[in-house]
There are 2 protein chains.
Amino acid sequence: MKYTYSFPKADVTVDAVVFGLGVEGVLSLLLVRRGRPKEPFFDHWALPGGFIDMDETLEGSLLRELREETGLILPYMEQLGAFGDPGRDPRGRVITIAYLALVPPAAVKGGDDAAEARWFPLQALPPLAFDHAAILEAGLARLRAGLMVSPIARPLLPESFSLGDLQRVYSAILDQPLDKRNFRRRINDLVEPTGERREGKHRPAILYRFR
Amino acid sequence: MKYTYSFPKADVTVDAVVFGLGVEGVLSLLLVRRGRPKEPFFDHWALPGGFIDMDETLEGSLLRELREETGLILPYMEQLGAFGDPGRDPRGRVITIAYLALVPPAAVKGGDDAAEARWFPLQALPPLAFDHAAILEAGLARLRAGLMVSPIARPLLPESFSLGDLQRVYSAILDQPLDKRNFRRRINDLVEPTGERREGKHRPAILYRFR
DNA sequence: ACAAAAGTGTTAAGGCTACACCCATGA
DNA sequence: TCATGGGTGTAGCCTTAACACTTTTGT
């Protein structure tokens with residue numbers, strides 16, 4: 001089947017900045033290796049994503065692409081915006097709609113088997129293909145901006161967690177130390193106790209969930 | 001010239017929520033009338049915009065479309081995001097990248113001659129084509145969110161203005177009354193006096209500009 | 001008993017809101 | 001002198017940031 005138009009058309013893709021918490025709670029980014037020798041950035045790492053289908057929503061396209069490329073199901077996504085400079089893709093005009101997506105720890109553990117998709121700690125990223133570094137910046141900024149004002153971290157965390165866990169996550173994402181007492185006051189409105197406690201080596205922690 | 005692809009491609013457009021201040025400082029939206037009888041929403045009003053060219057940035061496309069459709073030059077624009085639900089355009093898959101744009105009062109006065117482009121007070125809008133009402137909402141929300149924290153209103157206003165002028169503008173945009181003294185304190189960091197005063201019927205007002 | 005993480009209060013400073021009166025000018 | 005919009009200060013409240021010690025548990 002051929003499709004013929006009287007004007008050239010741009011390609012439209014969706015790409016996602018997918019964050020997850022890996023071992024030790026390090027903030028990690030999901031990347032896919034570009035495996036087609038003839039294509040630009042062969043063997044480089046890139047944000048997962050791909051071309052949209054004609055009858056899908058943008059979000060639907062992203063869900064499908066991530067399932068195909070990485071096996072992941074995205075429980076949360078929000079649009080970051082469109083990146084469309086001519087020249088951002090050497091193959092021609094490709095406009096991408098970028099998303100921020102967050103997945104729970106279980107998804108990060110499971111995703112490690114595919115050789116084409118890997119989690120990288122944010123502090124140890126390989127060079128990224130295309131303008132994906134700029135998209136990543138936008139995603140990280142969005143995540144940081146939402147942390148203290150909305151329960152955006154919910155999809156990153158397990159169902160229940162201690163406030164110590166939560167502070168470590170926030171601290172890692174913001175890349176700065178946080179005062180324990182002030183932190184607990186600030187996120188107080190975002191969480192509620194589950195009634196459970198976590199037994200461990202030391203004093204048991206009260207467990208919380210996002211409201 | 002024909003362009004043939006092995007997959008169907010979406011069209012990409014840019015659209016702008018263009019705000020300006022009309023007579024009496026009413027917040028107004030620039031709309032264009034859809035004039036092609038065979039096209040959807042014929043005779044309806046729509047956000048200005050159009051198809052991108054292959055070698056332009058998205059912002060460049062928007063500037064060109066607005067020049068062509070309305071004669072306006074946009075001194076300020078920021079991206080709102082992509083709107084791409086299948087079905088948002090009856091003709092087929094059309095993904096639009098929406099922008100918020102702001103123009104100075106002089107542009108609002110001048111733009112009134114073209115029958116195809118008109119300024120409408122925000123309180124008296126006609127029904128909008130496509131999903132443009134949703135895009136408008138996003139634009140208005142963005143403008144409101146920026147008012148108190150950034151000098152985003154700068155491109156809406158003339159070079160210099162009194163604090164009374166400014167308060168009326170803010171009050172119109174936020175659609176709520178503002179306390180005079182608190183308002184002046186809050187925007188104090190965003191403006192600086194020009195050294196001029198405006199003579200008028202009453203006590204002359206000190207004139208300010210955005211920093 | 002000790003090591004390790006959990007949990008908790010207070011103070012000072014700055015920002016926000018509500019509120020009412022005097023000022024400068026032209027007519 | 002009056003009408004009109006321009007201009008100003010303060011008190012109460014809330015939020016934020018800085019800061020150190022006690023508690024609970026397992027070993």
Base versus backbone protein contacts along nucleotides 16-27 of chain D [heavy-atom cut-off under 4.0 Å; B, S, -]: -BBBB--BBBS-

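- Contact check for B:Phe83 versus B:Asp85: no side-chain heavy atoms found under the 4.5 Å cut-off.
- Taking A:Arg34 as the reference, A:Glu39 meet the side chain to side chain donor-acceptor pair (under 3.5 Å) condition, with sequence neighbours excluded.
- Residue pairs that meet the ring-ring contact (aromatic ring centres under 6.0 Å, His included) test with at least one member in residues 138-193 of chain A, sequence neighbours left out, are A:Phe161-A:Phe210, A:Tyr170-A:Phe183.
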Which pairs of donor and acceptor atoms, one on a side chain in residues 196-203 of chain B, lie under 3.5 Å apart (sequence neighbours left out)?
{"from": "B:Arg198", "atom 1": "NH1", "to": "B:Asp165", "atom 2": "OD1", "distance (Å)": "3.4"}
{"from": "B:Arg198", "atom 1": "NH1", "to": "B:Asp165", "atom 2": "OD2", "distance (Å)": "3.0"}
{"from": "B:Arg198", "atom 1": "NH2", "to": "B:Asp165", "atom 2": "OD2", "distance (Å)": "2.8"}

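- For the side chain to side chain contact (heavy atoms under 4.5 Å, CB included) test, residues two or more places apart in sequence or in another chain that qualify with A:Leu125 are A:Leu29, A:Leu31, A:Phe120, A:Leu122, A:Leu136.
- Annotation: side chain of B:Ile73 is not in contact with side chain of B:Leu66 (no heavy-atom distance under 4.5 Å).
- Boundaries of the chain B contact region on DNA chain C are C:dT17 to C:dG26, first to last in 5' to 3' order (nucleotide atom under 4.0 Å from a heavy atom).
- Among the protein residues, B:Leu163 comes within range of no part of the nucleic acid, since none of its heavy atoms lies under 4.0 Å from any strand.
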Report all side-chain donor-acceptor pairs from residues 185-192 of chain B shorter than 3.5 Å, counting only partners two or more places apart or in another chain.
{"from": "B:Arg185", "atom 1": "NH2", "to": "B:Asn182", "atom 2": "OD1", "distance (Å)": "2.8"}
{"from": "B:Glu192", "atom 1": "OE1", "to": "B:Arg211", "atom 2": "NH1", "distance (Å)": "3.2"}
{"from": "B:Glu192", "atom 1": "OE2", "to": "B:Arg209", "atom 2": "NH1", "distance (Å)": "3.3"}

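- Evaluation of the side chain to side chain donor-acceptor pair (under 3.5 Å) rule for A:Glu56 yields A:Ser61, A:Arg64 as partners, not counting sequence neighbours.
- Each end of the helix from C:dA1-D:dT27 to C:dA27-D:dT1 gets its own axis from five base pairs, and the two axes differ in direction by 10°, given to 10 degrees.
- Residues forming a side chain to side chain donor-acceptor pair (under 3.5 Å) with B:Glu137 (at least two apart in sequence, or on another chain): none.
- Two residues are said to be in side-chain contact when any heavy atoms from C-beta on lie closer than 4.5 Å; B:Leu30 and B:Leu72 meet this criterion.
- Listed in residue order, the members of residues 169-178 of chain B having a heavy atom less than 4.0 Å from DNA chain C come to none.
- Partners of A:Arg88 by salt bridge (Lys or Arg N to Asp or Glu O under 4.0 Å), not counting sequence neighbours, listed by chain and number: A:Asp131.
- A donor-acceptor pair under 3.5 Å is formed between the side chain of B:Gln167 and the backbone N or O of B:Leu178.
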